[in-house]
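First up is the structure itself, then whatever we jot down about it.
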Amino acid sequence: MTDIIQKNLDYKKYVVDSNLQYFKPHATQIEKTFAEEISSSLNRNSKFISPKFFYDKNGSELFEKICSTSEYYPTRTEISILKQLKNELPPFLDDDFRLVELGSGSSVKTRLLLDILTSQKNIEYLPIDISEILAESSEQLLRDYDNLTITGIIDTYEGGLEFLKTYDKKKNLIIFLGSSYGNFSPIDGYKFLEKVYSAMKPGDLFLIGLDLVKEKEILESAYDDSQKVTAKFNLNVLSRINDELDADFDLNNFLHHAIYNEKDQRIEMYLKSIHDQSVIISKSNLELKLKKDELIHTEYSHKYRLSEIHDLLDDAGFELKHTWLDEKKHFSLSLVTKI
Ligand code: AVI
């Protein structure tokens, strides 16, 4: 990778070749370290491990496996809706659009959208992701699309959206798929939508994939599949803490626990302590004491009703263009704009 040391805002630009470039912030914001976050989120009565820590290499591979279990309907359902968009999205594209993806996503979904844009002379793809995985997936895409240029922003969504604000005048189609929005708390979700809105120019489009409220049995089995992949995914965060923070969690002493909370319309995932135990997390300077049946909360995955989605988007200032659903009404894709 050639570093041509060019400043754009506070980002450094790395040009790989004429089709591929990256922007990376000069100085990373001072964030709490993994050890500090774990120390504060486990050292309290209701114990918590943020779901953002699921995705080390092993966790990301397990997530891919979850997506192909027969019980986890969101991925294949969203893909089936994206296929419908082949004919139904173009009428909303009144100009050339750059595809901006929040997360570098599954290449299957990205490709379905890039395919829709192939009628444009040049296709531009701008993924925003903190992980450097972005580099690998970009090179594969470039091999498969001739008229594609990729500009990767290696940063948080907030940072990347801020970058986009002043980038150029070309219209953006921003996508946020997989119901990742459902993992935010309602307050953080709302702040996130405001960020997206303020990063958009009038006429830009935003496509968001959200999972819908449905029968408890379908939801609970999607988050507790029969092959126990989701259980491994949940427990893997403890292995990560063992490896990176020098801890001594015994994974056999925990059970994966996923329930659907109908009142709050969310799947709640926990790790349940099988008996009284104590765990040392050296780098967090913590001796964690857990009682039998005590829960460590690891994830919420919110589910929505259509009217709630529309209200949420409306409250954040967007104008709704269209919502697509699958036949069973299990998942939704909403397209909004800024006027
Ligand atoms: C990434 N996210 C949208 C997934 C979800 O469905 O909430 C994460 C996941 N957790 C367990 N299975 C999948």
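When a ligand or atom number is given, it counts from 1 through the structure's own listing order. Computed from heavy atoms alone, side chains included, the values below leave out hydrogens, waters and symmetry copies. Keep in mind it's a predicted model, so treat the numbers as computed, not measured.
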So which of Leu112, Leu113, Leu114, Val108 actually passes side-chain contact (heavy atoms from CB on, under 4.5 Å) with Thr110?
-> Leu114

Of the choices Tyr300, Tyr181, Tyr223, which has the non-hydrogen atom that lies closest to atom 12 (N) of ligand 1?
-> Tyr223

Would you call Arg266 and Glu268 a salt bridge, using N to O less than 4.0 angstrom?
-> yes

Heavy atoms from other residues, nucleotides or ligands near NZ of Lys65 exceed 12 (cutoff 6.0 Å) | no

Is Phe54 in contact with ligand 1, taking contact as a heavy-atom separation below 4.0 Å?
-> no

Indicate yes or no: does Lys165 engage Glu162 in a salt bridge with an N to O separation below 4.0 Å.
-> yes

Under a 4.0 Å N-O cut-off, is there an ion pair linking Glu319 with Lys338?
-> no

Which residue, Leu335, Asp115, Ile116, forms the side-chain contact (heavy atoms from CB on, under 4.5 Å) with Leu85?
-> Ile116

Polar side chain donor-acceptor pair, Glu101 to Tyr125, under 3.5 angstrom = yes

Among all protein heavy atoms, pick out the one at the shortest distance from atom 2 (N) of ligand 1; state its residue, atom name and that distance to 0.1 Å.
-> Asn183 OD1, 2.9 Å

Under 4.0 Å from any heavy atom of Phe233, which atoms of ligand 1 are there?
-> 10 (N), 11 (C)

Would you please indicate yes or no on a ring centroid separation below 6.0 angstrom for Phe54 and Phe233?
-> yes

Pull out every atom of ligand 1 sitting under 4.0 Å from any heavy atom of Gly178, numbered as shown with elements.
-> 3 (C)

The atoms of ligand 1 lying under 4.0 Å from a heavy atom of Ser180, numbered in the order shown, are 3 (C)

Counting each atom of ligand 1 from 1 as listed, which ones have a heavy atom of Tyr72 under 4.0 Å away?
-> 4 (C), 5 (C), 6 (O), 12 (N), 13 (C)

Tyr55 near ligand 1, heavy-atom distance under 4.0 Å?
-> yes

Could you say whether the N/O atoms of Thr230 and ligand 1 ever approach to under 3.5 Å?
-> no

Does some non-hydrogen atom of Ser179 fall short of 4.0 Å from ligand 1?
-> yes

Without hydrogens or angle criteria, can the side chains of Ser334 and Thr323 be said to hold a donor-acceptor pair below 3.5 Å?
-> yes

How far is atom 9 (C) of ligand 1 from its nearest protein heavy atom, and which residue and atom is that?
-> Glu299 OE1, 3.5 Å

Atom indices of ligand 1 within 4.0 angstrom of Ser301 heavy atoms, with elements = 5 (C), 6 (O), 7 (O)

Is there any N or O on Lys303 that sits under 3.5 Å from an N or O of ligand 1?
-> no

